[in-house]
K.L.:
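Sharing a structure below in structure tokens format, with a few things to ask.
One-based numbering, in listed order, for ligands and for the atoms of each.
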Amino acid sequence: MSQSFKKVHAITGMKDILPDTSHEWLALESLMQQWLAAYGYRNIRTPVLEHTRLFARGIGEVTDIVEKEMYSFTDVLNNDRLTMRPEFTAGIVRAAIEHNMLYDRPHRLYTQGPVFRHERPQRGRYRQFHQISVEALGMPGPDIDAEHILMLARLWKMLGLDDIRLELNCLGQSAERAAHRQALIAYLEKHVDILDEDARRRMYTNPLRVLDTKNPALQTMANEAPALEQFLGDESRAHFQGVRDRLDEAGIAYKLNPRLVRGLDYYNLTVFEWITDRLGAQGTVCGGGRYDDLFALLGGKPAPATGFAIGLERLLDLWAQARPIAHPAECQVYLIHQGDAAQRVAMQVAEQLRDNDLRVIVHAGSTGFKSQFRRADASGAKAAVIIGPDELTAGTASVKWLRADAASAQQQQAIELADLATYLKTKV
Ligand code: ATP
Ligand code: MG
């Protein structure tokens with residue numbers, strides 16, 4: 001007896017990618033493979049689940065992500081506190097430490113997949129979304145920060161996107177930020193009466209983030225706050241200058257944004273974001289920067305590192321706006337048949353065609369010729385190959401070209417089964 005079952009829907013903010021749009025993902029992913037290969041980046045894959053304390057420590061206790069966006073739960077089998085990764089960097093650094101990956105060489109790495117953040121869903125903001133994360137581990141110089149930015153400029157060019165702008169900042173080193181922080185707290189204390197609740201809550205825990213406020217009433221206060229730039233030492237300045245020089249040499253334009261702090265605590269020196277006006281409120285396509293302190297923070301031997309993450313939903317939205325992404329044909333050859341015996345022959349013929357690198361669909365089931373032709377046409381196949389009772393007796397197949405001009409499309413040509421693959425291969 002069947003019991004009634006309440007229909008299940010996908011979880012809010014977590015989207016199905018259906019076959020009518022998955023081709024866009026595949027096209028983007030294959031282009032990105034070429035792009036990453038052009039710079040010699042190798043793939044790494046880490047688990048979706050990590051211990052919660054990895055992110056709490058790595059991303060920072062007082063960040064938006066850790067405070068309110070993580071999918072965390074207790075594993076009922078052993079009471080472990082686990083979290084579904086909200087980003088990739090902490091997991092990759094964990095893996096690099098765990099496997100002692102930097103003992104004899106630096107690494108250029110990338111990974112891609114779903115990440116999870118409990119946010120309010122809207123265009124460009126989901127609870128499961130996809131990132132491609134690129135990390136250079138064990139490389140201290142400004143050359144590699146610049147390489148990442150050059151790389152991204154190339155990606156936008158490959159995608160035909162010309163309206164993503166770059167914002168850049170230098171966060172200095174932790175001692176420099178600490179000195180700035182003291183000055184900032186003193187400044188915020190002077191203005192405490194105009195601060196909103198959010199700003200007051202954060203002024204001692206994360207005063208830098210207070211300057212990132214969207215509250216219009218606080219903009220003047222934020223603009224006039226002591227700037228980190230004044231607290232940077234010679235080495236930090238030289239590093240930043242090294243990045244800027246290389247961007248200038250590559251002809252890459254950028255805007256310096258002293259307020260750019262990024263939502264994760266682990267950054268130092270260079271940070272950057274790529275932003276567009278074409279995506280409404282969710283305009284940041286990519287964010288990244290240097291995180292030289294993260295290895296030590298996670299218990300590893302100190303090692304320099306820098307990286308970035310691209311939000312793929314946002315990038316795809318932008319790409320699809322720039323040009324339609326054609327739906328590829330489902331196959332080259334669509335096999336039509338009539339009757340049980342013909343179906344069996346069609347199956348064998350299809351295998352032979354596949355042996356010859358043709359992409360083939362055999363019509364499933366035994367519907368009428370007319371509906372089979374309709375499916376053949378809709379599949380985008382170049383040719384329909386028909387095996388009916390007559391062909392069966394003659395040991396042939398009839399080929400009908402589906403994309404040819406009207407005159408030649410009328411013609412159906414009988415081909416010996418033995419010659420079929422060769423005949424089709426020269427024409428599809
Ligand atoms: P935002 O300010 O938009 O929340 P973020 O600073 O939290 O972004 P990062 O942690 O830097 O984002 O993640 C890198 C990229 O991932 C972002 O630039 C954006 O393109 C994308 N991204 C971040 N959060 C989401 C989300 N909830 N849904 C879809 N894409 C996202
Ligand atoms: Mg965010």
K.L.:
What's the shortest heavy-atom distance between Gly289 and Phe272, and which atoms?
P.N.:
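Taking Gly289 first and Phe272 second, the nearest heavy atoms are N-CE2, 3.8 Å.
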K.L.:
Give a yes or no on whether a salt bridge exists between Arg259 and Glu167, defined as a side-chain N under 4.0 angstrom from a carboxylate O.
P.N.:
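Result for this pair is no, no salt bridge flagged.
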K.L.:
Could you list the atoms of ligand 1 found under 4.0 angstrom from a heavy atom of Cys286?
P.N.:
18 (O)
K.L.:
State the atoms of ligand 1, each with its element, that fall below the 4.0 Å cut-off from a heavy-atom position in Gly311.
P.N.:
15 (C), 16 (O), 20 (O), 21 (C)
K.L.:
Quick one: which of His130, Arg125, Glu273 has a heavy atom closest to atom 2 (O) of ligand 1?
P.N.:
Arg125
K.L.:
Would you call Arg354-Glu351 a salt bridge at under 4.0 Å N-O?
P.N.:
yes
K.L.:
With heavy atoms of Arg117 as the reference, note each atom of ligand 1 found under 4.0 Å away.
P.N.:
5 (P), 7 (O), 9 (P), 10 (O), 12 (O), 13 (O), 23 (C), 24 (N)
K.L.:
Which of the atoms in ligand 1, numbered in the order shown and given with their element, are less than 4.0 Å from a heavy-atom of Gln131?
P.N.:
13 (O), 14 (C), 15 (C), 16 (O)
K.L.:
Given Asp317, which partner from the list Arg125, Arg123, Arg278 fulfils the salt bridge (charged side-chain N to carboxylate O under 4.0 Å, His left out) test?
P.N.:
Arg123
K.L.:
Less than 3.5 Å apart, any donor N or O on the side chain of Glu224 or Tyr187 sitting next to an acceptor on the other?
P.N.:
no
K.L.:
Between Phe88, Phe129, Phe308, which one has a non-hydrogen atom sitting closest to atom 26 (C) of ligand 1?
P.N.:
Phe129
K.L.:
Could you tell me whether ligand 1 has any atom less than 4.0 Å away from a heavy atom of Gln282?
P.N.:
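Heavy atoms of Gln282 never come under 4.0 Å of ligand 1.
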K.L.:
Is there any N or O on Glu119 that sits under 3.5 Å from an N or O of ligand 1?
P.N.:
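Yes.
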K.L.:
Identify, by atom number and element, the atoms of ligand 1 in contact range of Val285, meaning under 4.0 Å from any of its heavy atoms.
P.N.:
18 (O), 20 (O)
K.L.:
Checking side-chain contact (heavy atoms from CB on, under 4.5 Å) against Asp64, which of Met70, Glu69, Glu119 comes through?
P.N.:
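Only one of Met70, Glu69, Glu119 forms a side-chain contact (heavy atoms from CB on, under 4.5 Å) with Asp64, namely Glu69.
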K.L.:
In terms of side-chain geometry, is the basic nitrogen of Glu147 or Arg108 positioned less than 4.0 Å from the acidic oxygen of its partner?
P.N.:
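Answer for the salt bridge query: yes.
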